[in-house]
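Letters A, B, ... are given to chains in the order of the sequence lines, protein chains preceding strands, and every chain is numbered from 1. Below, each value reflects all heavy atoms present in this structure, side chains not excepted, and no hydrogens, waters or symmetry copies.
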Number of protein chains: 2
Amino acid sequence: MSSDLQGFELPLRLLLAFRVLIDELHEELARQGHPQMRPMHGFVFQAIMRAGGPYGTTAADLGRALGVSKQAAGKTIDMLEGLGYLRPGHDPSDARRKTYTLTPHAYDALERSERIFEHLRDQWAGVIGEDRLRAMVEDLRKVTPPDVFRLDTPQWFNAP
Amino acid sequence: MSSDLQGFELPLRLLLAFRVLIDELHEELARQGHPQMRPMHGFVFQAIMRAGGPYGTTAADLGRALGVSKQAAGKTIDMLEGLGYLRPGHDPSDARRKTYTLTPHAYDALERSERIFEHLRDQWAGVIGEDRLRAMVEDLRKVTPPDVFRLDTPQWFNAP
DNA sequence: CAAGATGGACAACCTCATTAACCATATAGA
DNA sequence: TCTATATGGTTAATGAGGTTGTCCATCTTG
């Protein structure tokens with residue numbers, strides 16, 4: 001009965017590496033004027049940019065894009081609207097659709113996230129080498145699905 | 001205003017890679033007689049093996065090991081006991097301690113998980129090369145904390 | 001032996017999901 | 001055109017997993 005369970009290392013390290021990046025991102029984002037941003041939000045913003053129609057994205061659109069129910073997507077939208085990251089609108093061609101688009105505040109958060117991630121990436125490149133880091137991302141691309149927004153993952157993390 | 005947001009690729013790929021492994025693990029575990037296993041449980045089993053005293057692990061022990069409250073650990077223990085993965089015991093040297101140890105069913109799940117992870121690892125090695133995969137794990141070790149069980153992460157995922 | 005630390009058990013509450021049901025609006029077919 | 005069906009939005013009930021706070025029983029230590 002093996003007790004060392006070495007085979008768990010690959011998934012564990014992938015998870016820890018993700019957590020390290022996300023935790024440091026949100027610490028820094030909080031310092032830069034976005035203390036309310038939660039880990040999921042950056043992905044949500046990107047999904048909202050891509051998933052909607054010409055007049056914006058609905059809760060149902062977002063739910064499909066993220067792989068969660070429209071009700072869950074609706075609650076996320078409510079919170080992000082309350083935080084000033086989303087602005088409501090409507091679709092003149094379909095009176096049912098209640099659409100949302102990103103506010104400048106959301107674009108600010110996205111741009112800052114981008115810069116912080118790049119900074120963290122540079123730190124990692126300093127530790128393991130630029131070539132090795134590039135190889136890692138390239139390899140990860142080969143073993144992960146290309147459709148990056150169907151995360152299909154409810155209840156990510158609750159930053160306390 | 002950049003709209004491609006390429007800087008998100010590293011964290012996203014790490015997350016997707018982890019999800020791919022975990023999802024395939026649990027699909028296969030379900031086929032092999034463990035349909036109730038949840039993503040967190042494998043980590044919990046390992047923590048229970050390591051965190052306790054000679055007579056087993058208590059909820060308080062487990063809470064400390066996982067970085068959650070003793071109450072949260074207690075609820076997890078209750079569920080795992082209900083699923084037949086944990087067996088209660090007691091510590092003759094301390095009447096307060098209500099201890100738990102893994103059942104053979106839990107060891108079976110751990111061994112199967114180990115084998116499934118190894119199989120997935122081999123698949124990845126076939127795609128990206130054994131040397132590249134080894135380099136990836138080595139590099140991830142360099143950028144992640146060494147203390148693998150203090151995940152400090154409430155509410156991981158609810159596989160539906 | 002008294003005082004404090006620790007383990008366990010409850011209770012109340014939070015967050016983020018889920019399903020189910022219902023109503024309003026679009027759309028397609030007879 | 002009218003009806004059937006699909007879709008969007010909302011609300012409600014539920015579940016998993018977490019949190020504090022409180023209380024009591026049992027060590028452990030001065």
Could you state the atom-to-atom distance from [atom1] of [X] to [atom2] of [N] in whole Å?
X: B/L62; N: C/dT6; atom1: CG; atom2: P; result: 18 Å
X: A/H41; N: C/dC16; atom1: NE2; atom2: C1'; result: 11 Å
X: B/Y100; N: C/dG7; atom1: OH; atom2: P; result: 15 Å
X: A/D78; N: D/dG8; atom1: CG; atom2: P; result: 17 Å
X: A/R38; N: C/dA17; atom1: CZ; atom2: C1'; result: 13 Å
X: B/L83; N: D/dA16; atom1: CG; atom2: C1'; result: 13 Å
X: B/I77; N: C/dG8; atom1: CD1; atom2: P; result: 8 Å
X: A/H90; N: C/dT25; atom1: NE2; atom2: P; result: 14 Å

Main chain of B/G53, side chain of B/T57: is a donor-acceptor contact present, judged purely on distance under 3.5 Å?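 The answer is no, because no donor-acceptor pair under 3.5 Å joins these two groups.
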If you look at every strand shown and take non-hydrogen atoms under 4.0 Å, does A/A72 touch a base, only sugar-phosphate, or nothing?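 The residue A/A72 makes base contact.
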Select base, sugar-phosphate, or nothing to describe what B/K75 touches, counting heavy atoms under 4.0 Å on all strands.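 It contacts base atoms.
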Could you check if a side-chain atom of A/D139 sits within less than 4.5 angstrom of a side-chain atom of A/M136, using non-hydrogen atoms only?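 Of all side-chain heavy-atom pairs linking A/M136 with A/D139, none is under 4.5 Å.
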Can you check whether [X] has a side-chain N or O nearer than 4.0 Å to OP1 or OP2 of [N]?
X: B/R64; N: C/dT6; result: no
X: A/T76; N: C/dT15; result: no
X: B/S69; N: D/dT19; result: yes

Geometric class of the A/Y85/A/H41 ring pair [parallel <30°, tilted 30-60°, perpendicular >60°]: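 Answer is tilted, since the angle falls between 30° and 60°.
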Would you state whether a donor and an acceptor, one from the side chain of A/K70 and one from the base of D/dG9, lie under 3.5 Å apart?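 Answer is yes: a donor-acceptor pair is held.
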With a 4.0 Å cut-off, would you call B/K70 and B/D61 a salt bridge?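 Salt bridge absent between B/K70 and B/D61.
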Under-4.0 Å salt bridge between B/E27 and B/R31: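 So B/E27 pairs with B/R31 through a salt bridge.
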The side chain of B/D94 lies closest to which of these nucleotides: D/dT26, D/dG9, C/dT18?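 Looking only at heavy atoms from C-beta outward on B/D94, the closest nucleotide is D/dT26.
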Between B/R96 and B/Q71, who's closer to the 5' end of DNA chain D by nearest nucleotide?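 Nearest-nucleotide comparison on DNA chain D picks B/Q71.
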Map B/T58 and A/A95 onto DNA chain C by nearest heavy atom, then report which one ends up closer to the 5' terminus.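 Counting from the 5' end, the first nearest nucleotide belongs to B/T58.
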On DNA chain C, compare the nucleotides closest to A/S93 and A/M79; which residue's is nearer the 5' end?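 So the residue in question is A/M79.
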